[in-house]
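Comments concern the structure below.
Note: hydrogens, waters and symmetry copies are ignored here, and every other heavy atom, side chains too, is used. In this text, all values refer to a predicted model and were calculated from it rather than measured experimentally. We count ligands from 1, going down the list as the structure has it; atoms in each ligand are counted the same way.
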Amino acid sequence: MSVKILTVVGARPQFIKAAAVSRAIRETDGLAEVMIHTGQHFDANMSDLFFEELSIPKPKHHLDINGGGHGDMTGRMLMAIEPILLAEKPDWVVVYGDTNSTLAGSLAAAKLHIPVAHVEAGLRSFNRRMPEELNRIVTDHLSTLHFCPTATAIANLAAEGVTEGVHHVGDVMYDATMFALEKAETGSGILAELQLEPGQYALATVHRAENTDDPERLRDVVKFLLEQARGRTVVLPLHPRTRHAAARLGVSLDGLRIIEPVGYLDMAKLLHHATEVYTDSGGLQKEAYFHRVPCVTLRDETEWTETVASGWNRLWKGPVKSVRRDINEYGTGRAAHDVVRLLGSCAPR
Ligand code: UDP
């Protein structure tokens, strides 16, 4: 009998992570996957494009839930996910990262006594004002299997008393980068389209509530980016939340090269040929390292502390390190296969 995995995704970084695991599931005998897309991210270039480019099968269940406050969105997701879990009766519910979709998926499953597996478990910023931090903590404490990308993540879980079912598998985003790298070099025409020369521009992304929701903070971030843009192009694929916040708060983005959010292959190409990355994204901090591009993180702390310790990343107000070293913890591009092997071998029945 095959092990039935029910995957809950909803936001862009989750499509990227789930793509790697979903591919490994399809390559493994005895496992079957059903996917729920909560609808948290819904724009074509934040959702559909990723399913196409990363060859993710169309989700069986699309909830179309987005907008509203955190409680509203999470509550509607819980209500919609519960009957699906009752009907599908999966062996595992697999959730990714730290969004409201992660929280709703794990809580709905745990309440029905369906075991939860958390991919990217154990990350902590130790800043409970971040909605992501709360989602991660609750999800980790509801999960049976914890797939950790780093040794720090394992130590964070241990400090909270979570030691069972904890596995250091590496980072499934590294698998995704490996998948995209070659395809992007030949398949993406983004540099020509934007008339950019390799090595002649920097790349930025900004989307976290802590940067977009506070006018003073958003102005500070934009000021920093504009300083970097003196004499050089800074390309900013603009997240819808940031676009709305800048318009609402009257923050001008003139001086930055604003483009629409791009697909994963265009992003890989842009990243690969950038001189530097400025970002508040968790995923991009690591991807910058995967592409060996130095990164400045537009936050006061990071969950990916090894990127800073290795000298490849620094906090925007933190010290500059001159020596860089490699990071070994992210694995060899086979993290998704380890996740799938463990889901198969630890299945509860
Ligand atoms: N990304 C992308 N297109 C963009 C901006 C980001 O494909 O226009 C990718 C990026 O390469 C990374 C992921 O989206 O893999 C990061 O997502 P996001 O910054 O939304 O979330 P976080 O990583 O902070 O959870």
Lys/Arg N to Asp/Glu carboxylate O, E303 vs R136, below 4.0 Å: yes
P237: numbered ligand 1 atoms lying under 4.0 Å from its heavy atoms: 8 (O)
Separation of E88 CD from L6 CG (nearest 0.5 Å): 6.0 Å
Atoms of ligand 1 close to P261 [distance to a heavy atom under 4.0 angstrom, numbered from 1]: 8 (O)
Atom 10 (C) of ligand 1: nearest protein contact (heavy atom, Å): E287 OE1, 3.3 Å
Nitrogen or oxygen atoms of D98 and ligand 1 under 3.5 Å apart: no
Salt-bridge present (K286, E120; N to O < 4.0 Å): yes
Backbone or side-chain N or O of R208 under 3.5 Å from ligand 1 N or O: yes
K111 and E82 ion-paired at < 4.0 Å: no
Backbone or side-chain N or O of T205 under 3.5 Å from ligand 1 N or O: no
Geometric N/O contact D280 with ligand 1, under 3.5 angstrom: no
Polar atom proximity, G282 to ligand 1 (N or O, under 3.5 Å): yes
